[in-house]
There are 2 protein chains.
Amino acid sequence: MTEYNEKQLDILMAAESLFASEGFDGTSIRSIAKAAKVNIAMISYYFGSKEKMLEALILHRTSDMKMQLDNIFKEDLTPLEKVERLIDLYISRINKNKCMYQILHFELSTKKRLMDMKSYAEVKQQNMAAFRKIIKEGQESGLFKTNINIELIPPTIMGTLVHFQMNRPFFEAELGIKTDEAYENYIKNELTSHIKQTIKALLVHEN
Amino acid sequence: MTEYNEKQLDILMAAESLFASEGFDGTSIRSIAKAAKVNIAMISYYFGSKEKMLEALILHRTSDMKMQLDNIFKEDLTPLEKVERLIDLYISRINKNKCMYQILHFELSTKKRLMDMKSYAEVKQQNMAAFRKIIKEGQESGLFKTNINIELIPPTIMGTLVHFQMNRPFFEAELGIKTDEAYENYIKNELTSHIKQTIKALLVHEN
DNA sequence: GTTTAAATTAAACGTTTGTTTAATTGTTAG
DNA sequence: CTAACAATTAAACAAACGTTTAATTTAAAC
(Lines give C-alpha, C1' and ligand atoms only; values in the text may rest on other atoms or scores of the structure.)
Protein backbone atom coordinates (compact mmCIF):
# COMPACT_ATOMS: atom_id res chain seq x y z
CA MET A 1 0.00 0.00 0.00
CA THR A 2 2.08 2.88 -1.33
CA GLU A 3 1.57 6.37 -0.01
CA TYR A 4 1.54 9.34 -2.36
CA ASN A 5 2.24 12.99 -1.64
CA GLU A 6 -0.14 15.74 -2.62
CA LYS A 7 1.43 16.43 -6.00
CA GLN A 8 1.44 12.77 -6.92
CA LEU A 9 -2.23 12.58 -6.03
CA ASP A 10 -2.93 15.66 -8.15
CA ILE A 11 -1.38 13.85 -11.09
CA LEU A 12 -3.29 10.63 -10.43
CA MET A 13 -6.63 12.40 -10.09
CA ALA A 14 -6.09 14.44 -13.24
CA ALA A 15 -5.10 11.28 -15.09
CA GLU A 16 -8.13 9.40 -13.79
CA SER A 17 -10.63 11.91 -15.07
CA LEU A 18 -8.86 12.30 -18.41
CA PHE A 19 -8.39 8.57 -18.98
CA ALA A 20 -12.09 8.11 -18.30
CA SER A 21 -13.27 10.76 -20.72
CA GLU A 22 -10.65 10.47 -23.45
CA GLY A 23 -9.30 6.97 -23.00
CA PHE A 24 -5.73 6.02 -22.11
CA ASP A 25 -4.39 6.29 -25.64
CA GLY A 26 -6.43 9.40 -26.24
CA THR A 27 -4.83 11.22 -23.33
CA SER A 28 -1.37 12.76 -23.65
CA ILE A 29 0.91 13.21 -20.68
CA ARG A 30 1.05 16.86 -21.64
CA SER A 31 -2.70 17.24 -21.07
CA ILE A 32 -2.39 15.41 -17.75
CA ALA A 33 0.46 17.66 -16.68
CA LYS A 34 -1.54 20.70 -17.67
CA ALA A 35 -4.62 19.57 -15.74
CA ALA A 36 -2.52 18.71 -12.69
CA LYS A 37 -0.52 21.93 -13.08
CA VAL A 38 2.87 20.24 -13.05
CA ASN A 39 5.75 19.97 -15.49
CA ILE A 40 5.45 17.08 -17.95
CA ALA A 41 8.72 15.59 -16.68
CA MET A 42 7.19 15.09 -13.24
CA ILE A 43 5.14 12.18 -14.48
CA SER A 44 8.13 10.13 -15.55
CA TYR A 45 9.97 11.39 -12.51
CA TYR A 46 7.36 10.14 -10.08
CA PHE A 47 5.85 7.13 -11.82
CA GLY A 48 8.46 6.08 -14.37
CA SER A 49 6.14 6.13 -17.37
CA LYS A 50 2.61 6.81 -18.51
CA GLU A 51 1.75 3.11 -18.39
CA LYS A 52 3.21 2.65 -14.92
CA MET A 53 1.14 5.59 -13.77
CA LEU A 54 -1.99 3.82 -15.00
CA GLU A 55 -1.01 0.75 -13.01
CA ALA A 56 -0.37 2.91 -9.96
CA LEU A 57 -3.78 4.52 -10.39
CA ILE A 58 -5.63 1.23 -10.71
CA LEU A 59 -3.79 -0.24 -7.76
CA HIS A 60 -4.49 2.86 -5.72
CA ARG A 61 -8.21 2.72 -6.42
CA THR A 62 -8.78 -1.01 -6.21
CA SER A 63 -6.89 -1.30 -2.95
CA ASP A 64 -9.37 1.26 -1.66
CA MET A 65 -12.12 -1.15 -2.54
CA LYS A 66 -11.28 -4.03 -0.25
CA MET A 67 -14.84 -4.36 0.68
CA GLN A 68 -16.23 -4.18 4.13
CA LEU A 69 -18.88 -6.79 3.49
CA ASP A 70 -18.40 -8.24 6.91
CA ASN A 71 -20.72 -5.86 8.70
CA ILE A 72 -23.54 -6.96 6.43
CA PHE A 73 -23.03 -10.45 7.79
CA LYS A 74 -22.79 -9.38 11.38
CA GLU A 75 -26.02 -7.41 11.30
CA ASP A 76 -29.19 -9.26 12.05
CA LEU A 77 -30.87 -9.13 8.66
CA THR A 78 -32.89 -11.57 6.62
CA PRO A 79 -31.12 -12.97 3.53
CA LEU A 80 -33.33 -10.80 1.33
CA GLU A 81 -32.42 -7.70 3.29
CA LYS A 82 -28.77 -8.64 2.93
CA VAL A 83 -29.14 -8.97 -0.84
CA GLU A 84 -30.78 -5.56 -0.99
CA ARG A 85 -27.98 -4.04 1.05
CA LEU A 86 -25.46 -5.64 -1.27
CA ILE A 87 -27.21 -4.16 -4.29
CA ASP A 88 -27.11 -0.73 -2.64
CA LEU A 89 -23.43 -1.22 -1.99
CA TYR A 90 -22.70 -2.26 -5.59
CA ILE A 91 -24.56 0.71 -7.00
CA SER A 92 -23.07 3.34 -4.72
CA ARG A 93 -19.62 1.90 -5.27
CA ILE A 94 -19.88 1.97 -9.03
CA ASN A 95 -21.33 5.46 -8.87
CA LYS A 96 -18.58 6.70 -6.58
CA ASN A 97 -15.86 5.24 -8.77
CA LYS A 98 -17.44 5.96 -12.13
CA CYS A 99 -14.17 7.07 -13.74
CA MET A 100 -12.18 4.14 -12.48
CA TYR A 101 -14.80 1.66 -13.69
CA GLN A 102 -14.82 3.33 -17.07
CA ILE A 103 -11.06 2.91 -17.33
CA LEU A 104 -11.14 -0.64 -16.03
CA HIS A 105 -13.88 -1.50 -18.44
CA PHE A 106 -11.79 -0.45 -21.40
CA GLU A 107 -8.56 -1.98 -20.17
CA LEU A 108 -10.29 -5.29 -19.52
CA SER A 109 -11.83 -5.37 -22.95
CA THR A 110 -8.66 -4.68 -24.93
CA LYS A 111 -5.67 -6.88 -25.35
CA LYS A 112 -3.39 -3.89 -25.69
CA ARG A 113 -2.04 -3.54 -22.20
CA LEU A 114 -2.51 -6.84 -20.45
CA MET A 115 -1.69 -5.55 -17.01
CA ASP A 116 -2.04 -7.75 -14.00
CA MET A 117 -5.37 -6.81 -12.53
CA LYS A 118 -4.58 -9.05 -9.59
CA SER A 119 -5.84 -6.52 -7.10
CA TYR A 120 -9.10 -6.03 -9.01
CA ALA A 121 -9.60 -9.76 -9.53
CA GLU A 122 -9.17 -10.24 -5.82
CA VAL A 123 -11.93 -7.76 -5.02
CA LYS A 124 -14.24 -9.42 -7.51
CA GLN A 125 -13.57 -12.84 -6.08
CA GLN A 126 -14.25 -11.65 -2.55
CA ASN A 127 -17.49 -10.07 -3.66
CA MET A 128 -18.60 -13.21 -5.41
CA ALA A 129 -17.76 -15.37 -2.41
CA ALA A 130 -19.68 -13.11 -0.06
CA PHE A 131 -22.63 -13.02 -2.42
CA ARG A 132 -22.68 -16.78 -2.81
CA LYS A 133 -22.68 -17.17 0.95
CA ILE A 134 -25.71 -14.93 1.35
CA ILE A 135 -27.66 -16.72 -1.35
CA LYS A 136 -26.91 -20.17 0.07
CA GLU A 137 -28.01 -18.94 3.46
CA GLY A 138 -31.33 -17.93 1.96
CA GLN A 139 -31.67 -21.20 0.10
CA GLU A 140 -31.00 -23.31 3.17
CA SER A 141 -33.66 -21.48 5.11
CA GLY A 142 -36.08 -22.18 2.27
CA LEU A 143 -36.60 -18.55 1.38
CA PHE A 144 -34.75 -18.57 -1.94
CA LYS A 145 -35.28 -20.73 -4.97
CA THR A 146 -32.62 -23.32 -5.70
CA ASN A 147 -32.83 -23.58 -9.47
CA ILE A 148 -30.80 -20.44 -10.06
CA ASN A 149 -27.34 -19.68 -11.37
CA ILE A 150 -25.75 -17.71 -8.53
CA GLU A 151 -22.66 -16.66 -10.49
CA LEU A 152 -24.78 -14.86 -13.07
CA ILE A 153 -26.68 -12.64 -10.67
CA PRO A 154 -23.91 -10.08 -10.03
CA PRO A 155 -23.49 -9.63 -13.81
CA THR A 156 -27.21 -8.86 -14.00
CA ILE A 157 -26.97 -6.30 -11.18
CA MET A 158 -23.83 -4.55 -12.37
CA GLY A 159 -24.50 -5.01 -16.07
CA THR A 160 -27.86 -3.26 -15.81
CA LEU A 161 -26.32 -0.25 -14.11
CA VAL A 162 -23.27 -0.06 -16.38
CA HIS A 163 -25.40 -0.40 -19.50
CA PHE A 164 -27.63 2.38 -18.28
CA GLN A 165 -24.67 4.65 -17.70
CA MET A 166 -22.98 3.77 -20.97
CA ASN A 167 -26.04 4.58 -23.06
CA ARG A 168 -26.86 7.68 -21.08
CA PRO A 169 -27.63 9.92 -24.08
CA PHE A 170 -30.17 7.40 -25.33
CA PHE A 171 -31.96 7.00 -22.02
CA GLU A 172 -31.95 10.72 -21.38
CA ALA A 173 -33.87 11.14 -24.62
CA GLU A 174 -36.08 8.10 -24.06
CA LEU A 175 -37.03 9.05 -20.51
CA GLY A 176 -37.07 12.82 -20.94
CA ILE A 177 -34.34 13.43 -18.39
CA LYS A 178 -32.63 16.78 -18.78
CA THR A 179 -30.24 17.48 -15.91
CA ASP A 180 -27.33 15.65 -14.30
CA GLU A 181 -29.16 15.71 -11.01
CA ALA A 182 -32.30 14.15 -12.48
CA TYR A 183 -30.22 11.39 -14.02
CA GLU A 184 -28.50 10.61 -10.74
CA ASN A 185 -31.83 10.61 -8.98
CA TYR A 186 -33.26 8.23 -11.55
CA ILE A 187 -30.40 5.85 -10.82
CA LYS A 188 -30.84 6.20 -7.07
CA ASN A 189 -34.58 5.60 -7.23
CA GLU A 190 -36.08 3.96 -10.31
CA LEU A 191 -33.05 2.02 -11.48
CA THR A 192 -32.12 0.79 -8.03
CA SER A 193 -35.63 -0.40 -7.30
CA HIS A 194 -35.88 -2.05 -10.73
CA ILE A 195 -32.75 -4.05 -9.98
CA LYS A 196 -33.96 -5.01 -6.53
CA GLN A 197 -37.35 -6.00 -7.90
CA THR A 198 -35.74 -8.08 -10.62
CA ILE A 199 -33.37 -9.94 -8.33
CA LYS A 200 -36.11 -10.44 -5.78
CA ALA A 201 -38.42 -11.91 -8.41
CA LEU A 202 -35.67 -14.27 -9.46
CA LEU A 203 -34.78 -15.36 -5.95
CA VAL A 204 -37.88 -15.40 -3.80
CA HIS A 205 -40.89 -17.67 -3.97
CA GLU A 206 -44.03 -15.75 -4.61
CA ASN A 207 -47.02 -16.18 -2.38
CA MET B 1 -26.86 2.94 -48.05
CA THR B 2 -23.40 3.25 -49.55
CA GLU B 3 -21.86 0.33 -51.38
CA TYR B 4 -18.22 -0.57 -50.90
CA ASN B 5 -15.92 -2.51 -53.18
CA GLU B 6 -13.90 -5.49 -52.01
CA LYS B 7 -10.80 -3.52 -51.06
CA GLN B 8 -12.81 -0.99 -49.10
CA LEU B 9 -14.47 -3.81 -47.22
CA ASP B 10 -11.05 -5.35 -46.51
CA ILE B 11 -10.03 -2.09 -44.91
CA LEU B 12 -13.24 -1.75 -42.90
CA MET B 13 -13.06 -5.31 -41.59
CA ALA B 14 -9.40 -4.97 -40.62
CA ALA B 15 -10.18 -1.69 -38.90
CA GLU B 16 -13.14 -3.20 -37.06
CA SER B 17 -11.17 -6.00 -35.51
CA LEU B 18 -8.25 -3.74 -34.61
CA PHE B 19 -10.41 -0.96 -33.16
CA ALA B 20 -12.12 -3.57 -31.02
CA SER B 21 -8.95 -5.10 -29.64
CA GLU B 22 -6.70 -2.04 -29.43
CA GLY B 23 -9.15 0.86 -29.33
CA PHE B 24 -9.49 3.62 -31.90
CA ASP B 25 -6.65 5.74 -30.55
CA GLY B 26 -4.56 2.64 -29.96
CA THR B 27 -4.78 1.61 -33.60
CA SER B 28 -2.59 3.28 -36.24
CA ILE B 29 -3.63 3.53 -39.84
CA ARG B 30 -0.36 1.79 -40.66
CA SER B 31 -1.43 -1.29 -38.73
CA ILE B 32 -4.82 -1.23 -40.42
CA ALA B 33 -3.19 -0.95 -43.85
CA LYS B 34 -0.89 -3.83 -42.99
CA ALA B 35 -3.75 -6.06 -41.82
CA ALA B 36 -5.81 -5.20 -44.89
CA LYS B 37 -2.77 -5.54 -47.14
CA VAL B 38 -3.14 -2.14 -48.75
CA ASN B 39 -1.00 0.97 -48.91
CA ILE B 40 -1.51 3.40 -46.04
CA ALA B 41 -2.56 6.14 -48.45
CA MET B 42 -5.56 4.07 -49.53
CA ILE B 43 -7.36 4.82 -46.28
CA SER B 44 -7.34 8.57 -46.80
CA TYR B 45 -7.96 7.97 -50.47
CA TYR B 46 -11.10 5.95 -49.91
CA PHE B 47 -12.50 7.35 -46.69
CA GLY B 48 -10.92 10.79 -46.32
CA SER B 49 -9.50 10.23 -42.86
CA LYS B 50 -9.17 7.75 -40.03
CA GLU B 51 -12.09 9.30 -38.20
CA LYS B 52 -14.34 9.31 -41.25
CA MET B 53 -13.50 5.65 -41.74
CA LEU B 54 -14.78 4.96 -38.22
CA GLU B 55 -18.01 6.73 -39.05
CA ALA B 56 -18.29 4.75 -42.27
CA LEU B 57 -17.73 1.53 -40.35
CA ILE B 58 -20.34 2.30 -37.72
CA LEU B 59 -22.85 3.38 -40.32
CA HIS B 60 -22.16 0.26 -42.37
CA ARG B 61 -22.73 -2.03 -39.42
CA THR B 62 -25.67 -0.29 -37.81
CA SER B 63 -27.53 0.01 -41.09
CA ASP B 64 -27.18 -3.76 -41.27
CA MET B 65 -29.06 -3.93 -38.03
CA LYS B 66 -32.39 -2.44 -39.06
CA MET B 67 -34.18 -5.13 -37.23
CA GLN B 68 -36.61 -7.53 -38.65
CA LEU B 69 -38.74 -7.57 -35.56
CA ASP B 70 -41.87 -7.63 -37.61
CA ASN B 71 -41.95 -11.35 -38.16
CA ILE B 72 -41.99 -11.85 -34.43
CA PHE B 73 -45.25 -9.96 -34.37
CA LYS B 74 -46.74 -11.76 -37.29
CA GLU B 75 -46.13 -15.19 -35.86
CA ASP B 76 -48.76 -16.61 -33.58
CA LEU B 77 -46.87 -16.61 -30.30
CA THR B 78 -47.79 -15.84 -26.72
CA PRO B 79 -46.34 -12.60 -25.33
CA LEU B 80 -43.92 -14.64 -23.22
CA GLU B 81 -42.73 -16.57 -26.25
CA LYS B 82 -42.24 -13.29 -28.05
CA VAL B 83 -40.13 -11.96 -25.21
CA GLU B 84 -38.03 -15.09 -25.29
CA ARG B 85 -37.55 -14.76 -29.02
CA LEU B 86 -36.52 -11.17 -28.55
CA ILE B 87 -33.94 -12.18 -25.96
CA ASP B 88 -32.56 -14.77 -28.37
CA LEU B 89 -32.37 -12.09 -31.02
CA TYR B 90 -30.59 -9.64 -28.74
CA ILE B 91 -28.02 -12.19 -27.69
CA SER B 92 -27.25 -13.56 -31.12
CA ARG B 93 -27.04 -10.04 -32.48
CA ILE B 94 -24.58 -8.88 -29.85
CA ASN B 95 -22.58 -12.05 -30.30
CA LYS B 96 -22.46 -11.68 -34.05
CA ASN B 97 -21.38 -8.06 -33.83
CA LYS B 98 -19.09 -8.38 -30.84
CA CYS B 99 -16.39 -6.13 -32.31
CA MET B 100 -18.80 -3.42 -33.36
CA TYR B 101 -20.43 -3.35 -29.92
CA GLN B 102 -17.03 -3.11 -28.29
CA ILE B 103 -16.19 -0.09 -30.42
CA LEU B 104 -19.59 1.50 -29.93
CA HIS B 105 -19.33 0.95 -26.21
CA PHE B 106 -16.11 2.91 -26.01
CA GLU B 107 -17.17 5.65 -28.38
CA LEU B 108 -20.40 6.17 -26.47
CA SER B 109 -18.58 6.38 -23.16
CA THR B 110 -15.99 8.97 -24.17
CA LYS B 111 -16.55 12.58 -25.02
CA LYS B 112 -13.62 12.55 -27.42
CA ARG B 113 -15.32 11.98 -30.73
CA LEU B 114 -18.93 12.94 -30.34
CA MET B 115 -20.04 11.51 -33.64
CA ASP B 116 -23.65 11.47 -34.59
CA MET B 117 -24.79 7.97 -33.78
CA LYS B 118 -28.10 8.78 -35.41
CA SER B 119 -28.25 5.44 -37.16
CA TYR B 120 -27.49 3.57 -33.95
CA ALA B 121 -29.93 5.62 -31.91
CA GLU B 122 -32.60 4.84 -34.46
CA VAL B 123 -32.07 1.10 -34.12
CA LYS B 124 -32.20 1.37 -30.36
CA GLN B 125 -35.41 3.36 -30.48
CA GLN B 126 -37.05 0.88 -32.81
CA ASN B 127 -36.04 -1.97 -30.53
CA MET B 128 -37.41 -0.22 -27.51
CA ALA B 129 -40.70 0.53 -29.24
CA ALA B 130 -41.12 -3.05 -30.37
CA PHE B 131 -40.28 -4.32 -26.92
CA ARG B 132 -42.73 -1.97 -25.25
CA LYS B 133 -45.46 -3.13 -27.58
CA ILE B 134 -44.92 -6.77 -26.70
CA ILE B 135 -44.91 -6.09 -22.98
CA LYS B 136 -48.10 -4.02 -23.13
CA GLU B 137 -49.74 -6.78 -25.12
CA GLY B 138 -48.88 -9.20 -22.31
CA GLN B 139 -50.10 -6.79 -19.67
CA GLU B 140 -53.40 -6.20 -21.36
CA SER B 141 -54.07 -9.91 -21.58
CA GLY B 142 -53.34 -10.18 -17.85
CA LEU B 143 -50.29 -12.37 -18.26
CA PHE B 144 -47.67 -9.81 -17.27
CA LYS B 145 -47.37 -7.77 -14.12
CA THR B 146 -48.05 -4.06 -14.42
CA ASN B 147 -45.82 -2.66 -11.69
CA ILE B 148 -42.69 -2.87 -13.79
CA ASN B 149 -40.37 -0.38 -15.48
CA ILE B 150 -40.44 -1.48 -19.10
CA GLU B 151 -37.60 0.82 -20.21
CA LEU B 152 -35.19 -0.80 -17.80
CA ILE B 153 -35.67 -4.37 -18.96
CA PRO B 154 -33.56 -4.16 -22.13
CA PRO B 155 -30.65 -2.75 -20.08
CA THR B 156 -30.94 -5.78 -17.83
CA ILE B 157 -30.89 -8.17 -20.78
CA MET B 158 -28.08 -6.54 -22.68
CA GLY B 159 -26.14 -5.39 -19.63
CA THR B 160 -25.94 -8.90 -18.25
CA LEU B 161 -24.51 -10.24 -21.50
CA VAL B 162 -22.10 -7.36 -22.06
CA HIS B 163 -20.85 -7.50 -18.49
CA PHE B 164 -20.25 -11.21 -18.85
CA GLN B 165 -18.24 -10.67 -22.01
CA MET B 166 -16.28 -7.73 -20.63
CA ASN B 167 -15.14 -9.62 -17.56
CA ARG B 168 -14.45 -12.79 -19.46
CA PRO B 169 -11.09 -13.58 -17.81
CA PHE B 170 -12.72 -13.41 -14.39
CA PHE B 171 -15.63 -15.67 -15.27
CA GLU B 172 -13.39 -18.14 -17.06
CA ALA B 173 -11.48 -18.55 -13.83
CA GLU B 174 -14.58 -18.50 -11.63
CA LEU B 175 -16.49 -21.05 -13.71
CA GLY B 176 -13.53 -23.18 -14.80
CA ILE B 177 -14.06 -22.53 -18.49
CA LYS B 178 -10.99 -23.19 -20.59
CA THR B 179 -11.75 -22.96 -24.30
CA ASP B 180 -13.34 -20.39 -26.59
CA GLU B 181 -15.92 -22.96 -27.59
CA ALA B 182 -16.88 -23.72 -24.00
CA TYR B 183 -17.30 -20.01 -23.33
CA GLU B 184 -19.55 -19.52 -26.32
CA ASN B 185 -21.56 -22.54 -25.31
CA TYR B 186 -21.94 -21.19 -21.80
CA ILE B 187 -23.38 -18.01 -23.26
CA LYS B 188 -25.70 -19.91 -25.58
CA ASN B 189 -26.99 -22.15 -22.82
CA GLU B 190 -26.53 -21.12 -19.19
CA LEU B 191 -26.35 -17.37 -19.68
CA THR B 192 -29.24 -17.25 -22.11
CA SER B 193 -31.48 -19.30 -19.86
CA HIS B 194 -30.47 -17.24 -16.83
CA ILE B 195 -31.56 -14.09 -18.62
CA LYS B 196 -34.83 -15.65 -19.76
CA GLN B 197 -35.51 -16.96 -16.29
CA THR B 198 -34.79 -13.56 -14.77
CA ILE B 199 -37.00 -11.61 -17.14
CA LYS B 200 -39.73 -14.20 -16.85
CA ALA B 201 -39.66 -14.00 -13.07
CA LEU B 202 -39.93 -10.24 -13.29
CA LEU B 203 -42.78 -10.27 -15.80
CA VAL B 204 -45.01 -13.24 -15.17
CA HIS B 205 -47.31 -13.94 -12.27
CA GLU B 206 -46.29 -17.09 -10.48
CA ASN B 207 -48.81 -19.85 -9.82
C1' DG C 1 -3.39 2.67 -80.00
C1' DT C 2 -4.50 6.58 -77.61
C1' DT C 3 -6.97 8.96 -74.07
C1' DT C 4 -8.93 9.37 -69.57
C1' DA C 5 -9.75 8.29 -65.15
C1' DA C 6 -9.09 5.29 -61.18
C1' DA C 7 -6.01 2.70 -58.32
C1' DT C 8 -1.70 2.18 -56.15
C1' DT C 9 2.75 3.34 -54.60
C1' DA C 10 7.00 5.23 -52.01
C1' DA C 11 8.38 9.19 -50.05
C1' DA C 12 7.94 13.16 -47.55
C1' DC C 13 5.18 16.45 -44.70
C1' DG C 14 4.53 18.73 -40.27
C1' DT C 15 2.73 17.36 -35.63
C1' DT C 16 2.45 15.12 -31.67
C1' DT C 17 3.86 11.52 -28.95
C1' DG C 18 6.43 9.61 -24.46
C1' DT C 19 10.72 10.08 -22.46
C1' DT C 20 15.29 11.96 -21.16
C1' DT C 21 18.74 15.33 -20.33
C1' DA C 22 21.08 18.76 -18.05
C1' DA C 23 20.63 22.81 -15.50
C1' DT C 24 18.38 25.19 -11.73
C1' DT C 25 15.79 25.93 -7.55
C1' DG C 26 14.08 24.36 -2.84
C1' DT C 27 14.70 22.07 1.28
C1' DT C 28 16.89 19.77 5.02
C1' DA C 29 20.72 18.30 8.03
C1' DG C 30 25.17 18.73 10.08
C1' DC D 1 27.39 28.19 5.58
C1' DT D 2 27.49 24.26 3.01
C1' DA D 3 26.92 19.75 1.53
C1' DA D 4 23.47 16.57 -0.10
C1' DC D 5 19.48 15.35 -1.94
C1' DA D 6 14.75 16.18 -3.72
C1' DA D 7 11.90 18.84 -6.67
C1' DT D 8 11.20 21.43 -10.74
C1' DT D 9 12.14 23.35 -15.09
C1' DA D 10 12.86 24.27 -20.26
C1' DA D 11 14.75 22.12 -23.94
C1' DA D 12 15.82 18.45 -26.76
C1' DC D 13 15.24 13.58 -28.32
C1' DA D 14 13.92 10.00 -31.50
C1' DA D 15 9.91 7.63 -32.82
C1' DA D 16 5.29 7.30 -34.36
C1' DC D 17 1.41 9.56 -35.80
C1' DG D 18 -2.28 10.99 -39.67
C1' DT D 19 -2.16 12.99 -43.94
C1' DT D 20 -0.55 14.65 -48.51
C1' DT D 21 2.14 14.74 -52.58
C1' DA D 22 3.65 13.53 -56.92
C1' DA D 23 4.78 9.80 -59.75
C1' DT D 24 3.51 5.37 -61.61
C1' DT D 25 0.66 1.48 -62.79
C1' DT D 26 -3.77 -0.49 -64.08
C1' DA D 27 -8.24 -0.55 -66.35
C1' DA D 28 -11.82 1.05 -69.26
C1' DA D 29 -13.62 3.73 -73.17
C1' DC D 30 -13.41 5.32 -77.57
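When reading the values below, keep in mind they use all heavy atoms of this one structure, side chains included, and skip hydrogens, waters and symmetry mates. Remember, predicted model here, so these are calculated numbers, not experimental data. In what follows, chains are A, B, ... by sequence order, proteins preceding strands, each numbered from 1.
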Nucleotide N/O to protein N/O under 3.5 Å, stretch nucleotides 13-23 of chain D:
residue	atom	partner	partner atom	Å
dG18(D)	OP1	Thr27(B)	O	3.4
dG18(D)	OP1	Lys50(B)	NZ	2.7
dG18(D)	OP2	Ile29(B)	N	2.9
dG18(D)	N7	Arg30(B)	NH1	2.8
dG18(D)	O6	Arg30(B)	NH2	2.9
dT19(D)	OP2	Lys50(B)	N	2.8

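Within the 4.0 angstrom heavy-atom criterion, only backbone atoms of the sugar-phosphate kind lie near Tyr46(A); the bases stay farther away.
When the salt bridge (charged side-chain N to carboxylate O under 4.0 Å, His left out) test is applied to Asp180(A), the partners found at least two apart in sequence or on another chain are Arg168(A). Here Tyr46(B) pairs with nothing under the ring-ring contact (aromatic ring centres under 6.0 Å, His included) rule; sequence neighbours left out. Partners of Lys124(A) by salt bridge (charged side-chain N to carboxylate O under 4.0 Å, His left out), not counting sequence neighbours: none found. Under the salt bridge (charged side-chain N to carboxylate O under 4.0 Å, His left out) criterion, Glu84(B) pairs with no residue, sequence neighbours left out. A search for salt bridge (charged side-chain N to carboxylate O under 4.0 Å, His left out) contacts involving Glu16(A) returns Arg61(A), not counting sequence neighbours.
In this structure, Leu108(A) CG and Phe170(B) CZ are separated by 11.0 Å, a value rounded to the nearest 0.5 Å.
Counting to the nearest Å, the P atom of dA7(C) and the CG atom of Asp10(B) are 14 Å from each other. One interatomic measurement links the two molecules: OH of Tyr4(B) to C1' of dA7(C), which rounds to 18 Å at whole-angstrom precision. For the pair Lys34(A) NZ and dT16(C) C1', the interatomic distance rounds to 14 Å; values are reported in whole Å. As rounded to whole Å, 4 Å separates atom P of dT8(D) from atom CE of Met42(A). Here the P atom of nucleotide dA7(D) and the CG atom of Asn5(A) are 7 Å apart, to the nearest Å.
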